[in-house]
Undergrad: 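This structure is in structure tokens; I'll ask about it shortly.
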Number of protein chains: 2
Amino acid sequence: MSRTIRVLLAEDQSMVREALAALLGLEDDIEVVAQVARGDEVLDAARAHAVDVALLDIEMPGATGIEAAGQVHRELPGVKLVVLTTFGRPGYLRSAMEAGADAFLVKDAPAAQLAAAVRKVLAGERVIDPTLAAAALAEGANPLTDREREVLRAAADGATNAELAAALHLSRGTVRNYLSTAIQKLAVRNRAEAVSIAREKGWL
Amino acid sequence: MSRTIRVLLAEDQSMVREALAALLGLEDDIEVVAQVARGDEVLDAARAHAVDVALLDIEMPGATGIEAAGQVHRELPGVKLVVLTTFGRPGYLRSAMEAGADAFLVKDAPAAQLAAAVRKVLAGERVIDPTLAAAALAEGANPLTDREREVLRAAADGATNAELAAALHLSRGTVRNYLSTAIQKLAVRNRAEAVSIAREKGWL
DNA sequence: GGCACCCCGTGACATCTGTCATGTCCCACC
DNA sequence: GGTGGGACATGACAGATGTCACGGGGTGCC
């Protein structure tokens, strides 16, 4: 019998984080040795506590779980990465895997899968919801360029073209062109719909 | 010493729900006797399991936790109601209290407050985050009329005026007028911003 | 070197949005 | 019975938005 698995838990909502810790605490072979509430605290904590597995929520202040996964993957390649998220957005899955994640779980899944995933990634397996994987493959990659994404993201809360132009140091016309191409690529009819679709797919 | 407190847990994300159950299971005087994932299953489950306290998430399929709270409050007035939510939107707090909730907790709060709130509501106390209560009082009630809210909600994912008119059986002009008044009431400059603000305040 | 693709810009044009004035109908309240 | 307010509508108008055609510059690939 080997020693217990040392887990880091990163999730911004205290109640959920501590509840997940309680859940994992019921397992004999798993120990939650560190908890953080921000994406930009993950790397330091992972190093300081010599963790085996990092469990990362995507939606966090400071840095997203995906960004944090990338950092840990580069700096501490021995640490296994489990990305946990509310939304099963195919785009999220894709970027999580590109960032070096070993497992991708949605919070909709039964709780038992959490401990199971921790054990599996440590055994070298990859854990991905098959339905989600199929969806990610079916819809292909994010068609938007960096700039288009940036403009769309900035437009998400209702800024006008002039405000966008000022904020991004572009001309009004360029902003309109980016939004126009984004609208065409997403096959919708206006920026609001484009934001809505991009968000849903995890492309934003 | 009295018998254990019988709790119903309503939350759509299995992993979070089971984790919260694990957390409450650590308390000697609390027993989670029922779990549901949909708002429209709350009332039946509360009746069937003779629960003392119902713990309700707001964002759920079928019916929101607030709607479910209203049903339980009317049908089973003896059941105490704790509303639990991701977003500390003042508008949510207001409508939860109007629906008869005894406690309002945000998932950002420390996990210990959950069990504490369950015990307090059973003792007849009301539990509300003071900061949130102040915010709710400071910003006043939802200024939008039913129709304005309806139109704004329908416009949220980027539908055009013509589509809104068709969907809501109104004329294009009327839709524009509703959106226009909503925009003025929220003191913003376009519909997208209005959606963004209304959502943030829990008015949508 | 040619080619594709992204970045950034302009100007013209049609359409969509948001505002305003104005009106009717119905309901609630005093 | 008057007054207010919400629901619904129209028409006119300015300004914002989306499309299109057209440029230039840069990078990377064959």
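Any value given below was found using the heavy atoms of this structure, including those in side chains, with hydrogens, waters and symmetry copies removed. Here is how names work: the chains are called A, B, and so on, in the same order as the sequence lines, proteins then strands, and each is numbered from 1.
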Undergrad: Atom pairs, N/O to N/O, protein against nucleotides 26-28 of chain D, distance under 3.5 Å?
TA:
none

Undergrad: Might you confirm whether atom CZ of A:Arg126 has over 12 heavy atoms from other residues, nucleotides or ligands at distances under 6.0 Å?
TA: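 Yes, because the 6.0 Å sphere around CZ of A:Arg126 holds more than 12 heavy atoms from other groups.
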
Undergrad: Any sub-3.5 Å donor-acceptor pair from A:Asp102's side-chain atoms to A:Leu81's backbone N or O?
TA: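 Pair found, side chain donor or acceptor close to backbone of A:Leu81.
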
Undergrad: With no hydrogens and no angle check, do the side chains of A:Thr64 and A:Glu59 hold a donor and an acceptor under 3.5 Å apart?
TA: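 Looking only at side-chain atoms, A:Glu59 and A:Thr64 do not form any donor-acceptor pair under 3.5 Å.
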
Undergrad: Taking atom C1' of D:dG5 as reference, at what distance in whole Å does atom CD of B:Glu148 sit?
TA: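 It is 12 Å, rounded to the nearest whole Å.
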
Undergrad: Between B:Arg17 and B:Asp12, is the closest basic N to carboxylate O distance under 4.0 Å?
TA: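 Looking at B:Arg17 together with B:Asp12, the answer is no, because their closest N to O distance does not fall below 4.0 Å.
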
Undergrad: Among residues 158-177 of chain B, which contact DNA chain C at a heavy-atom distance under 4.0 Å?
TA: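 Of all residues in residues 158-177 of chain B, the ones placing a heavy atom under 4.0 Å from DNA chain C are B:Thr160, B:Asn161, B:Arg176, B:Asn177.
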
Undergrad: Would you give the length of the straight line joining atom CD of A:Glu200 to atom CD1 of A:Ile197, rounded to the nearest 0.5 angstrom?
TA: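 If I round to the nearest 0.5 Å, the distance is 5.0 Å.
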
Undergrad: With B:Asp52, which of B:Arg6, B:Lys80, B:Arg3 fulfils side-chain hydrogen bond (donor to acceptor under 3.5 Å, both in side chains)?
TA: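 Output: one option passes, namely B:Arg3.
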
Undergrad: Please list residues of residues 179-204 of chain A whose heavy atoms come under 4.0 Å from any atom in DNA chain C, ordered by number; otherwise none.
TA: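 Heavy-atom cutoff 4.0 Å gives no residues at all.
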
Undergrad: Could you tell me the separation between the CG atom of A:Leu144 and the P atom of C:dC6, rounded to a whole number of Å?
TA: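 The answer, rounded to whole Å, is 11 Å.
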
Undergrad: If we check side chain to side chain contact (heavy atoms under 4.5 Å, CB included) with A:Leu8, which of these qualifies: A:Val33, A:Val36, A:Val82?
TA: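 Filter result, single survivor: A:Val36.
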
Undergrad: Please report, rounded to the nearest Å, how far the P atom of C:dC6 is from the CG atom of A:Asn142.
TA: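 Computing the A:Asn142:CG to C:dC6:P distance gives 12 Å.
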
Undergrad: Strictly below 4.0 Å: does A:Thr145 bring a side-chain N or O up to OP1 or OP2 of C:dC7?
TA: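 So the side chain of A:Thr145 is within the cut-off, an N or O lying under 4.0 Å from OP1 or OP2 of C:dC7.
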
Undergrad: Give a yes or no on whether a salt bridge exists between A:Glu11 and A:Lys107, defined as a side-chain N under 4.0 angstrom from a carboxylate O.
TA: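 Salt bridge flag = yes for A:Lys107 with A:Glu11.
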
Undergrad: Whether A:Glu150 and A:Arg153 form a salt bridge (side-chain N of Lys/Arg under 4.0 Å from carboxylate O of Asp/Glu) is what I want to check.
TA: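 No, this pair does not count.
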
Undergrad: Is any side-chain heavy atom of B:Thr145 less than 4.5 Å from a side-chain heavy atom of B:Lys185?
TA: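 B:Thr145 reaches B:Lys185 side chain to side chain.
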
Undergrad: Is the number of heavy atoms from other residues, nucleotides or ligands under 6.0 Å of B:Arg47 CZ greater than 12?
TA: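 Yes.
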
Undergrad: Quick one: A:Leu152 CG to D:dG18 C1', roughly how many Å, whole number?
TA: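 About 14 Å, once rounded to whole Å.
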
